[in-house]
Amino acid sequence: MAYQALEIEKKWQKFWTENGTYKVEVDTSRPKFYILDMFPYPSGAGLHVGHPLGYIASDIYARYKRLFGFNVLHPMGYDAFGLPAEQYAIQTGQHPAITTKNNIARYREQLDKIGFSFDWTREVRTCEPDYYKWTQWAFIQMFNHFYDKKTDKALPIEGLISHFSTKGSVDVQAATDFEGDFSSEQWQAMSELEREDILQQFRLAYRADITVNWCPALGTVLANDEVKEGLSVRGGHPVEQKMMKQWCLRVSAYTERLLKGLDNLNWSDSLKEMQRNWIGRSEGAEVQFDVKGSNESFEIFTTRPDTIFGVTFMVLAPESDYVSKVTTTEQKAAVEQYLNEVSKRSERERLADVKKVTGVFTGSYCIHPFSGKEIPIWIGDYVLGGYGTGAIMAVPAHDSRDYAFAKHFDLPIVQVVEGGDISKESFDAKDGIMMNSDLLDGLSVKDAIAKMLETVKSKNLGRHKVNFRLRDATFSRQRYWGEPFPIYYKDGIAVPLKEEELPLELPEVDAFLPTEDGDPPLGRAKNWHNRDGLPFELSTMPGFAGSSAYYLRYMDPRNDKALVSKEANEYWQDVDLYVGGAEHATGHLIYSRFWNMFLFDTGFVCKEEPFKKLINQGMIQGRSNFVYRVKNSNQFVSLGLKDQYDVQEIHVDVNIVSNDFLDIEAFKAWRPDFKDAEFIFEEVEEEGKSIQKYRCGYAVEKMSKSLYNVVNPDLIVGKYGADTLRLYEMFLGPLEQSKPWNTNGIEGVYRFLIKLWRLFQDANDEWIMIDDEATKEELKVLHTCIKKVKEDMENFSFNTSVSAFMICVNDLSKLKCHKKSILGPLVVLLSPFAPHICEELYQRLGYQGSVSDATYPELNESYLVESSHTYPISFNGKTRFTMDLDINASKDDIEKVVLSDERVQKQIEGKTIKKLIIIPKKIVNIVC
RNA sequence: GGCCCGGUGGCGGAAUGGUAGACGCGCUUGAUUCAAAAUCAAGUAUCUUCGGGUGUGCGAGUUCAAGUCUCGCCCGGGCCACCA
């Protein structure tokens with residue numbers, strides 16, 4: 001019987017489902033291992049071959065760990081709230097819940113064909129009320145906590161309230177925007193609204209007027225990581241800055257811990273670096289500058305306090321509060337005109353021409369705190385309102401942006417660090433010796449920074465300050481398809497629902513668009529208020545809300561009393577291996593860590609960090625094909641001849657191209673306008689004959705429907721089976737590397753499976769399994785494979801383990817080995833990669849049950865030892881010849897044999913041997 | 001502009017500082033076949049006077065020995081970016 005992939009796969013997938021093979025429970029008698037994939041957003045386009053890459057890798061590792069007796073939690077679910085379903089709903093009127101449900105069904109069908117060992121009984125969907133109940137619950141917890149800097153953790157807000165009412169604001173060290181002081185009497189005299197205004201500035205989930213990224217096309221605000229180069233990540237629409245009252249999460253309270261925690265995580269360096277950059281810690285000083293002729297003063301932030309004597313002007317951000325305070329009457333008109341211009345420029349435009357210098361003089365001057373000189377105060381849009389204090393001291397000699405500004409407005413440039421050529425460009429280097437700097441002269445930059453910090457502190461002019469780039473996360477979206485906030489408003493005060501009132505279910509609306517008053521879609525819902533008629537919040541939560549704690553829910557997905565029970569959490573602890581794309585580095589992976597740290601602080605989970613080890617699978621790119629149409633004609637010219645014509649390059653569906661040769665008939669049928677296409681072929685040698693063929697061009701691009709380069713995994717599975725797809729995706733190259741999909745090589749791994757199958761059959765295709773004892777040679781083949789595969793598995797080097805299997809099967813074929821004692825372990829070894837065929841062969845060998853209940857074969861290195869080995873003999877590092885030597889011999893014996901060899905004597909004749917290097921099993925090097 | 005990753009045959013890619021190119025694709029030759037497909041066997045970096053020489057983007061360095069380590073360039077990819 002030949003290898004029938006589809007039949008076998010259907011049979012075993014059914015077996016796994018019926019027997020609940022991959023269902024897991026808490027089992028304290030066994031060690032746990034939690035392997036997680038980033039759950040997908042079920043888009044309408046379905047899966048392409050790139051999507052399952054990470055899932056296959058994690059599935060292989062999960063199956064591998066099971067063979068070692070681990071109780072492996074390996075769940076899957078769907079990140080089901082989100083913009084695309086809602087955009088589709090706006091266009092078609094189809095309810096997003098229905099679209100989402102259909103898409104999920106399609107995803108599930110595609111995933112099932114690949115033979116994953118997910119425990120589907122633990123599936124979660126973020127859009128289901130019994131799931132988002134716990135997203136809402138976590139939000140309320142954050143609302144009811146503040147961050148205490150003394151104990152460095154989140155504490156209940158009640159504690160803060162009682163502190164305020166007994167001691168006032170004295171002695172409070174918390175992560176807050178609140179500035180000012182009040183006594184307990186003042187607190188008690190405040191109205192409820194006034195108190196809540198203050199408390200909002202402490203809560204970890206709070207509402208505030210902030211500058212947000214507003215996307216008019218999507219009708220919603222977006223978080224920083226949802227905006228790239230002034231455009232929305234979803235849809236690529238322009239984004240503008242706008243002041244709005246929004247719900248936020250005080251992520252900034254956790255910056256230090258988010259940063260420090262990275263040191264102990266087993267993540268790739270590049271990913272950790274991305275997070276560090278995004279958090280953007282920078283150490284410097286806040287220094288106060290007095291405004292001349294007034295009582296006003298303002299603070300600036302700088303990382304280079306050493307250059308303070310090089311300050312020749314100050315710059316305020318256009319949105320800075322000080323702008324109005326320092327603008328003189330003479331300059332008022334000019335400043336207003338400038339502010340008006342700036343506000344009209346979109347974020348996109350501002351970023352597009354960063355080289356364009358704009359600014360205006362306020363008319364006021366600062367007094368330099370050391371030299372006493374007058375320094376003009378300017379306004380410039382290269383200073384950002386949201387970072388530091390929104391004001392800078394400009395040192396044009398040592399900062400390229402200040403330099404450009406100074407050159408443009410003809411402001412003085414004073415060099416204070418030796419080096420560079422200030423007449424041409426600024427000298428930004430952080431080393432050198434100070435000059436023109438009074439008390440700092442002669443010091444190195446490093447020492448000068450330290451000394452200036454000290455001086456500034458002692459003179460009460462400023463203080464040491466650490467700034468972060470990471471801001472609080474904007475948490476509301478003016479959208480329909482998301483979690484409703486469990487919040488209602490009473491006299492303008494936000495009040496959370498009680499836990500027993502959750503979930504607050506998403507209401508029905510008559511359209512998925514804003515109301516006529518400009519309220520979010522939830523403004524259309526009928527009876528969108530609580531029992532007392534108090535109105536609910538109209539915005540919904542962002543996409544990252546539901547994905548921030550889903551890994552915890554998998555531990556205990558049907559629990560309606562808690563997000564996760566203590567028992568389940570203490571058993572499963574945290575994710576041992578997380579596999580997913582690097583694109584979530586600054587979004588999901590920051591929010592999840594924040595969310596988890598908060599739950600850790602409040603005692604709901606036992607681990608501070610959620611993801612111990614993380615692997616980013618590389619993207620599988622598409623390999624697009626092109627045809628070349630001669631301009632203004634219906635003629636298509638083959639790749640080799642295209643340079644002789646004036647042609648237009650057109651993407652052609654890769655599914656009608658094979659080895660870059662176009663299927664002419666399929667092409668004509670592909671699109672109506674190609675029905676009457678004519679072709680200019682080129683000559684191609686084939687089996688000695690030259691024939692006419694159409695050769696296509698190719699390029700490696702993103703896999704996308706619009707480029708006609710999408711390869712559907714269903715097609716591959718239909719033709720070769722899931723085991724071949726799994727092996728081939730791993731064989732393509734290193735997991736973490738991006739690589740183009742190319743179906744051309746797939747025959748190789750398919751042939752490998754056929755060869756494996758044949759090891760179980762005789763010349764007449766009859767099943768044959770021999771109980772004879774294995775020879776030493778056969779054992780060596782097997783154990784070489786065990787050794788290599790085990791090493792590779794621990795390094796996630798799946799491509800080389802596939803190679804090891806190929807070598808093993810090839811060698812066993814040559815040895816005509818049909819022995820159970822060899823094939824049994826081999827099948828177990830291979831089962832993580834190709835589970836279906838291995839289940840079948842395991843059964844054919846006479847074993848009962850699933851191969852996933854087997855034990856990983858033990859490695860016996862003694863089979864690998866050879867008595868002789870071919871050594872390269874090299875002279876001064878150059879190899880001259882090889883020699884077979886006994887590897888069990890001592891170094892001295894090898895040396896004796898080598899030196900007595902005629903060829904060696906010829907080489908070293910007349911020279912003295914300086915050194916003799918013998919590395920057992922590797923090399924003999926003679927240095928003359 | 002800053003940071004990170006990479007550059008090896010016709011292609012995808014292997015190589016704890018120790019025989020560069022494992023494994024697969026493709027290609028060549030042979031066996032089998034009426035023929036083809038499939039399968040099996042042999043070969044496949046390059047030059048060569050058949051001794052060997054030269055080869056891992058470029059140039060230097062460390063070492064008995066460098067694809068691998070160090071420094072400086074060039075090229076490609078990713079991330080961040082008027083973040084003071």
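Computation of the quantities below employed the complete heavy-atom set of this structure, encompassing side-chain atoms and omitting hydrogens, waters and symmetry-equivalent molecules. Numbered from 1 within each chain, the chains take letters A, B, ... in sequence-line order.
- Picking from B:A84, B:C80, B:G24 the nucleotide with the shortest atom distance to the side chain of A:Arg469 gives B:C80.
- Classified by interplanar angle (parallel below 30°, tilted 30° to 60°, perpendicular above 60°), the ring pair A:His398/A:Phe427 is perpendicular.
- Within a 6.0 Å sphere centred on NZ of A:Lys739, heavy atoms belonging to other residues, nucleotides or ligands number more than 12.
- Atom P of nucleotide B:U54 and atom CZ of A:Arg880 are separated by 9 Å, given to the nearest angstrom.
- Rounded to whole Å, the separation between the P atoms of B:A15 and B:G7 comes to 12 Å.
- A glycosidic torsion no more than 90° from 0 defines the syn conformation, and B:G9 adopts it.
- Residue A:Ser874 places no side-chain N or O under 4.0 Å from the OP1 or OP2 atom of B:U19.
- If you check every strand for non-hydrogen atoms under 4.0 Å, A:Ser268 touches nothing.
- Atom CD of A:Glu273 is separated from atom C1' of B:G2 by 11 Å (rounded to the nearest Å).
- Distance CG (A:Leu735) to C1' (B:G12): 15 Å, rounded to an integer number of Å.
- B:A14 atom P lies 6 Å from atom CD of A:Gln737, rounded to whole Å.
- Rounded to whole Å, the distance from CE on A:Met393 to P on B:C82 is 21 Å.
- No side-chain donor-acceptor contact under 3.5 Å links A:Ser868 and A:Asp884.
- Going from atom NE2 of A:His584 over to atom P of B:C80 covers 13 Å, rounded to whole Å.
- Residue contacts shown for A:Asp428 are absent, as no nucleic acid heavy atom lies under 4.0 Å away.
- Residue A:Tyr382 has its side chain nearest to B:C82 when only B:G24, B:C64, B:C82 are considered.
- The listed nucleotides are B:G18, B:C23, B:U54; the one nearest the side chain of A:Ile923 is B:G18.
- A 3.5 Å limit on both hydrogen-bonding distances identifies no Watson-Crick or G-U partner for B:U49.
- Of the candidates B:A84, B:G53, B:U19, the closest approach to any side-chain atom of A:Thr879 belongs to B:U19.
- Between A:Ile807 and A:Lys755, the residue anchored closer to the 5' end of RNA chain B is A:Ile807, taking for each the nucleotide with the nearest heavy atom.
- Among the nucleotides B:C3, B:A14, B:U19, the one closest to the side chain of A:Pro734 is B:A14.
- Across all strands, A:Lys465 comes closer than 4.0 Å to no nucleic acid atom at all (heavy-atom distances).
- Distance check on atom C1': B:G17 versus B:C69 gives 8 Å, rounded to whole Å.
- Side-chain atoms of A:Arg758 lie closest to B:U39 of the nucleotides B:U39, B:G24, B:G18.
- Within 4.0 Å (heavy atoms only), A:Ile392 reaches at least one base atom of the nucleic acid.
- Remark: B:A22 base-pairs with no nucleotide in the shown strands. Criterion, Watson-Crick or G-U wobble with two distances under 3.5 Å.
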*Criterion side chain to side chain contact (heavy atoms under 4.5 Å, CB included) on A:Val414 and A:Phe309, from CA distance to verdict*: CA-CA 8 Å; A:Val414 177; A:Phe309 290 94; over 6 Å; no
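- For A:Ser270, whose side chain is taken as the heavy atoms from C-beta onward, the closest listed nucleotide among B:C64, B:A22, B:C4 is B:C4.
- When the C1' atom is used for both B:U54 and B:U8, the distance is 15 Å, rounded to whole Å.
- Base-pair partner of B:U70: B:A60 (Watson-Crick or G-U wobble, both distances under 3.5 Å).
- Spacing of C1' atoms, B:G21 relative to B:U56, comes out at 9 Å, to the nearest Å.
- Relative ring orientation between A:Phe752 and A:Phe805 is described as tilted, the plane-to-plane angle lying within the 30° to 60° band.
- Atom CD of A:Glu902 sits in a sparse spot, with 12 or fewer heavy atoms from other residues, nucleotides or ligands closer than 6.0 Å.
- The 12-atom threshold is not exceeded at CG of A:Asp321, counting heavy atoms of other residues, nucleotides or ligands nearer than 6.0 Å.
- Shown here, B:A15 forms no base pair; nothing in the strands shown gives a Watson-Crick or G-U wobble contact with both key distances under 3.5 Å.
- A close approach under 4.0 Å does not occur between any side-chain nitrogen or oxygen of A:Arg751 and OP1 or OP2 of B:A38.
- The residue A:Arg281 sits apart from the nucleic acid: no heavy atom pair falls under 4.0 Å.
- The side chain of A:Thr800 sits closest to B:A14 out of B:A84, B:A14, B:G24.
- Checking each of A:Tyr387, A:Tyr403, A:Phe405 against A:Tyr382 for a ring-ring contact (aromatic ring centres under 6.0 Å, His included) leaves exactly one that passes, namely A:Phe405.
- Between A:Tyr720 and A:Tyr750, the two ring planes are perpendicular [angle over 60°; tilted spans 30° to 60°].
- Spacing between B:A81 and B:G72 at atom P, rounded to whole Å, works out to 27 Å.
- Regarding the sugar-base torsion, B:G51 falls in the syn class, its angle being within 90° of 0.
- Across all strands shown, the partner of B:G6 is B:C75, judged by Watson-Crick or G-U wobble contacts whose two distances both fall under 3.5 Å.
- The CD atom of A:Glu747 sits 12 Å away from the C1' atom of B:G26 (whole-angstrom rounding).
- Across all strands shown, B:G43 forms a Watson-Crick or G-U wobble pair, both distances under 3.5 Å, with B:C27.
- For the P atoms, the distance from B:A42 to B:C25 is 15 Å, rounded to whole Å.
- Comparing the same atom, C1', in B:C58 and in B:G53 gives a spacing of 22 Å after rounding to whole Å.
- Checking B:C25, B:A84, B:C40 against every side-chain atom of A:Asp399, the shortest atom distance belongs to B:A84.
- The same atom, P, is picked in B:U19 and in B:A35; the two are 46 Å apart, to the nearest Å.
- By the 30° and 60° cut-offs, the orientation of the rings of A:Phe298 relative to A:Tyr322 is tilted.
- Within the shown strands, nothing qualifies as a pairing partner of B:A38 under the Watson-Crick or G-U definition with both distances less than 3.5 Å.
- Between A:Lys914 atom NZ and B:C64 atom P there is a gap of 9 Å when expressed in whole angstrom units.
- Where A:Lys788 and A:Lys915 meet RNA chain B, the nucleotide closest to each residue was compared, and A:Lys788 sits on the side nearer the 5' end.
- Listed pair A:Asn799 / B:A14 meets the phosphate criterion, a side-chain N or O lying under 4.0 Å from OP1 or OP2.
- In terms of phosphate contacts, A:Asn742 brings no side-chain nitrogen or oxygen within less than 4.0 Å of OP1 or OP2 of B:G24.
- Relative to the side chain of A:Lys739, the nucleotides B:C64, B:G13, B:C80 differ in distance, and B:G13 lies closest.
- Taking 4.0 angstrom as the limit, A:Tyr387 places a side-chain polar atom (N or O) nearer than this to OP1 or OP2 of B:A84.
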